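Below: one structure, written as C-alpha cells.
Basis for what follows: all heavy atoms, side chains included, without hydrogens, waters or symmetry-related copies. Since we're looking at a predicted model, the values are computed, not measured.
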Amino acid sequence: QVQLVESGGGLVQAGGSLKLSCAASGRTFSYAMGWFRQAPGKEREFVAAIAWSGGSTYYADSVKGRFTISRHNAKNTVYLQMNSLKPEDTAVYYCAAHTNGDIGVDGSYDYWGQGTQVTVSS
C-alpha cells in the first residue's frame, strides 16, 4: 500500500503561481507519479506525470510550458509547480501512483491522495 497526501493548494489570482506537494509513505517509492485534476461538473483529467527516475516527464497540452512536475525520491515527495495560472485551472488536484498502463489515463493509477483545492480568481 502507498499513502499519498497532497498539500499546497489555495486561492490565487490569475497569473500567479502555486506549488503543490505530494508526500508518499508506505511501500517503497518506486512508482511513476502523476497529477490529475477535477473541476466541478467535469471528469477527472490528466495534468502531468514523471517517471521514477525523474528522467521522463509528461504534460497535458493545456498546462505545457506553465506547469513543471518534479520529484525528490529521498524525501518521497512529488511536486507540481504551477505558473501563469488561469481561472480554468481551478480544480481539485490529486496525485497518484502509476502501476500499469497508459500514464495519461487515471485507470492506470492504483493509489490516490485525497486532493487539494486550487482556485484561480480572474
Side-chain angles (χ1 to χ4, degrees):
Q1 290 289 333
V2 176
Q3 292 78 45
L4 303 172
V5 179
E6 302 96 335
S7 62
L11 173 64
V12 64
Q13 288 189 332
S17 298
L18 281 175
K19 186 173 184 177
L20 306 183
S21 299
C22 173
S25 61
R27 290 185 62 182
T28 183
F29 190 51
S30 60
Y31 299 99
M33 298 293 294
W35 285 96
F36 288 76
R37 66 186 182 186
Q38 188 167 22
K42 295 187 176 181
E43 292 188 355
R44 187 163 56 191
E45 65 175 358
F46 171 76
V47 175
I50 186 167
W52 176 80
S53 66
S56 297
T57 56
Y58 312 85
Y59 295 96
D61 288 343
S62 59
V63 306
K64 204 171 292 184
R66 300 188 298 123
F67 291 11
T68 302
I69 189 170
S70 61
R71 66 190 296 163
H72 193 307
N73 287 345
K75 295 183 177 180
N76 287 350
T77 302
V78 178
Y79 306 97
L80 186 68
Q81 177 67 48
M82 306 185 295
N83 299 328
S84 302
L85 282 161
K86 305 174 181 179
E88 51 263 44
D89 294 318
T90 295
V92 177
Y93 283 71
Y94 300 90
C95 72
H98 175 263
T99 50
N100 187 44
D102 187 336
I103 204 165
V105 175
D106 58 2
S108 300
Y109 295 73
D110 281 344
Y111 304 106
W112 292 82
Q114 83 289 348
T116 186
Q117 176 71 47
V118 171
T119 303
V120 184
S121 63
S122 57

TODO: Mark yes when over 12 heavy atoms from residues, nucleotides or ligands other than K42 sit less than 6.0 Å from its NZ; otherwise mark no.
DONE: no

TODO: For S21 and W35, work out which heavy atoms get closest and say how close.
DONE: O-CH2, 3.7 Å

Open item on the list: Clusters formed by hydrophobic residues whose side-chain heavy atoms approach within less than 4.5 Å: which one holds Y79, and what are its other members?
Closed with: none

Task: S17 to S84 - nearest heavy-atom pair and separation - done: OG-N, 4.4 Å

Task: Which atom of R37 lies closest to which atom of S62, heavy atoms considered - done: NH2-OG, 3.6 Å

Open item on the list: To the closest 0.5 Å, what do you measure between CD (Q3) and CD (Q1)?
Closed with: 6.5 Å

TODO: Answer yes or no: is there a side-chain heavy-atom contact under 4.5 Å between D106 and E45?
DONE: no

Open item on the list: Looking at every non-hydrogen atom in both residues, tell me the closest pair between R71 and A51 and how far apart they are.
Closed with: NH1-O, 3.0 Å

Task: OG1 on T116 to CG on L18, rounded to 0.5 Å - done: 9.0 Å

- [ ] To the nearest 0.5 Å, tell me how far Q117 CD sits from L11 CG.
- [x] 9.5 Å

TODO: Report the distance from atom CD of Q13 to atom OG of S121, rounding to the nearest 0.5 Å.
DONE: 5.0 Å

Task: Salt bridge D89-K86, side-chain N to carboxylate O under 4.0 Å - done: no

Open item on the list: Quick one, Y31 and Y109 - any side-chain contact, counting heavy atoms below 4.5 Å?
Closed with: no

Open item on the list: For L85 and F67: C-alpha separation, side-chain torsions, deciding distance, then whether side chain to side chain contact (heavy atoms under 4.5 Å, CB included) applies.
Closed with: CA-CA 9 Å; L85 282 161; F67 291 11; 3.8 Å; yes

Task: Same apolar cluster: I103 and V63, side chain cutoff 4.5 Å - done: no

Task: Heavy-atom pair with the smallest gap, counting every atom of Y93 and L20 - done: CB-CD1, 3.6 Å

Task: Y58 vs F46, ring pair (Phe, Tyr, Trp, His ring centres under 6.0 Å): CA-CA, chis, key distance, verdict - done: CA-CA 10 Å; Y58 312 85; F46 171 76; 7.6 Å; no

Open item on the list: Nearest 0.5 angstrom please: M33 CE to N73 CG, how far?
Closed with: 10.0 Å

Give every donor-acceptor pair under 3.5 Å between a side-chain atom in residues 94-101 and any protein atom, sequence neighbours left out.
from, atom 1, to, atom 2, distance (Å)
H98, NE2, G101, O, 2.7
T99, OG1, S108, O, 3.3
T99, OG1, D110, OD2, 3.1

TODO: Could you pull out the closest heavy-atom pair between L4 and Q114, with the gap in Å?
DONE: O-OE1, 3.7 Å

Open item on the list: Counting C-beta onward and ignoring hydrogens, is there a side-chain heavy-atom pair between V92 and F36 closer than 4.5 Å?
Closed with: no

Task: Spatial distance of atom CD1 (I69) from atom CD (Q81) [nearest 0.5 Å] - done: 12.0 Å

TODO: Evaluate the side-chain proximity of Y59 to R66: yes if any heavy-atom separation is below 4.5 Å, no if none is.
DONE: no

